Amino acid sequence: MIISSVELIILAQHVRRLDVLDRQATSTGSEKETIVTDNITKPARTRYAPSPTGNPHIGNIRTAIFAYLWAKHTGGQFLLRIEDTDKKRQTETGVQDIKNSLGWLSLDWDEGPDKGGPFAPYVQSERLDLYQSIAKKMVEDGTAYYCYCTPERLDAVNKAKQAIKQAPGYDRRCRTISETEKEAALASGLTPTIRFKVPLEGKTTFTDLVVKPLTVENSTIQDAVILKSDGFPTYHLAHIVDDHFMEISHVIRGQEWLPSAPLHVMIYQALGWEMPAFIHAPVILNPPGQKGKLSKRDNAVSVSQYSELGYLPEALMNFLVLLGWSYDDHTEFFSMEDLIKDFDIARIQPTPAKFNIDKLDFLNAHYINHVLTVDDFARRCLPFLAEYGVISPEEAANPGARWEFIRAACALVKDKVKTLAEVPVEIDFLFKPGAALEYPATDLIGKNEGPAAAAQVLEETINYLRDIPDETYNDRDAILAGLTEISENKLHLKNRGLMLWPPRVALSGRTKSPDLMGMIITLGRAETLARLEKGKQSLA
RNA sequence: GGCGCAUUCGUCUAGCGGCCUAGGACGCAUCCCUCUCAAGGAUGAGACCACGGGUUCGAAUCCCGUAUGCGCUACCA
């Protein structure tokens, strides 16, 4: 039976208890401060412990990034643990959503579900015996107690307290309940919860590595439920037990946990366990003009959404890590390698940061324009081209002979696009048949003198492109030189722009387009001539 | 209501007592480059370091109040 082996472990922990006690956070009146373990010298073990309730929120993922980077920076391990202790909130795809998000960002975990590890299982619902035995042990130790109160009574207590302007919270009735009352409650078929017995007096102090040392009066902390009546633990118990047995050295989590951190410190102490270091990362706020935490009401908040919007994982990563962390006063671009080398939790800032999409756009454009290779870029464009209906899903999965054309088409806009999603919008005209292009004939004129002048430019362009050898046709500089020559010496135009405008519109159907020479080459001679001819006709 | 955390250009931030008449980046403006749109280059506007008291020879940097913002206050995480 698993319980007995667990209890052996607990016993072993109790033996360690005495020598550990001196080194950890104090409570119950003592003014000693927490001694934070030296985190630089030894490899860290960190974890990302989400609850499978849907696509991970970006603020949540950022703490995963911090945890991952810190583990890797110190040469340690990053674990994934699924905290599915609330059956009501589960999503069917929750676990997969989490894995997808981490995978997309290349946040690979060393231990976790599927992958296994020395402390498996890494799913809390598969570790119920452990939590139950420890909660029971705490009751026996006198650091926790059974609570027989019904949800209705709890609710009534809260309402009553609020009515007289008191802080809501449990009144600790079952701490002192009589045996007969207990028996009565049990007889009525009620399953008790287990609550942690918070010391009534004194203070608890602990040090967060990001926020300052924090002290609270024990009297302000609730006797939190640690084991629910359905036999599942609450977060408060489960994460402590798991972090302990999984030998987590640094608990990196969102700042919304700060208020309950003292409770966690007291539970560690009650268990006699050595504490990990705490790092409470700042929350991410709504963009300027909106109040509150980054919310999905008006913003994209999940990793998958940003993926769908055409952002690169490199850019999102770079952006997110800079929200609340900085390396120095000027470095702005960080590759994963840079981050692993340079990341330091000591430089995480405690101040909440507003989410500024402009900066993300800038970083995304930077990665697309200057970091990605053409092949890599085009490959990443495939799903977006398919989504937009420019190529088929089959072609996206396996471009085959189409690849060269797709690649060339994408290359045309690589330097001007901010997101992957813009690509099909910018180049769809290359994929449509030229005959399907619709645009006002007057667009062809531009700054030329009139329809006749524009038609003449098209005429000359057609003649030139028709007659040059293949080698010249595929040489953008040669084409540009050829067209320039015609513009200057044959048509005597005021500037080269007048020469290049009509073909631009004829080929793309737009007044804003990629590089003309690029379009000429990518479309190929036959298609190019057909489009130019169509343009010329429309001016007649 | 109670408890907690935070507070430097519109935004992200550098700054950890004298290098600050506060540096960088995004965005914005102007100019240059230019085949359109971008990109790129240059320049500029933009912060009395939330406010008020201290401590100090000296404070954005330390302390205390106030204000504001944010978080927590569940048999959710």
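These numbers come from a predicted model, not from an experiment. All chains are named by letter (A, B, ...) in the order of the sequence lines, taking the proteins before the strands, and each is independently numbered beginning at 1. Just the heavy atoms: all of them, side chains too, but no hydrogens, waters or symmetry mates, feed the values below.
One finds a side-chain N or O of A/Lys291 lying less than 4.0 angstrom from the OP1 or OP2 phosphate oxygen of B/rG69. Side-chain nitrogen and oxygen atoms of A/Lys88 include none within less than 4.0 Å of the OP1 or OP2 phosphate oxygen of B/rA74. For A/Gln124 and B/rA77, the shortest distance from a side-chain N or O to OP1 or OP2 is not below 4.0 Å. Phosphate contact (OP1/OP2 of B/rA77, side-chain N/O of A/Arg89, threshold under 4.0 Å): absent. One finds no side-chain N or O of A/Arg253 lying less than 4.0 angstrom from the OP1 or OP2 phosphate oxygen of B/rG71. Applying the 4.0 Å criterion to OP1 and OP2 of B/rC70, one finds that A/Thr351 has every side-chain N and O outside that range. For the pair A/Ser513 and B/rU36, the criterion of a side-chain N or O lying under 4.0 Å from OP1 or OP2 is not met.
A gap of 31 Å separates the P atoms of B/rC28 and B/rU21, to the nearest Å.
The residue A/Asp361 sits apart from the nucleic acid: no heavy atom pair falls under 4.0 Å. Heavy atoms of A/His239 sit nowhere under 4.0 angstrom from any nucleic acid atom. Using a 4.0 Å heavy-atom criterion, one finds that A/Gly324 contacts the sugar-phosphate atoms exclusively.
Note: A/Phe355 and A/Tyr306 have tilted aromatic rings, judged against thresholds of 30 and 60 degrees for the angle between ring planes. Using bins of under 30°, 30° to 60° and over 60° for the plane-to-plane angle, the ring pair A/Tyr148/A/Tyr146 lands in the tilted bin. Below 30°, between 30° and 60°, or above 60°: for A/Phe206 and A/His280 the angle between ring planes is above 60°, a perpendicular geometry.
In this structure, B/rU66 forms a base pair with B/rA50, meeting either the Watson-Crick or the G-U wobble geometry with both donor-acceptor distances under 3.5 Å. A 3.5 Å limit on both hydrogen-bonding distances identifies B/rC72 as the Watson-Crick or G-U partner of B/rG2.
For A/Ser229 against B/rC75, a side-chain N or O and a base N or O form a donor-acceptor pair under 3.5 Å.
Of the candidate nucleotides B/rC5, B/rA14, B/rA77, B/rC5 has the atom nearest to the side chain of A/Gln255. Side-chain proximity of A/Pro259 to the nucleotides B/rA39, B/rC72, B/rA77 is greatest for B/rC72.
Both the sub-6.0 Å distance and the 45° axial angle are satisfied by A/Arg195 relative to the ring of A/Tyr170.
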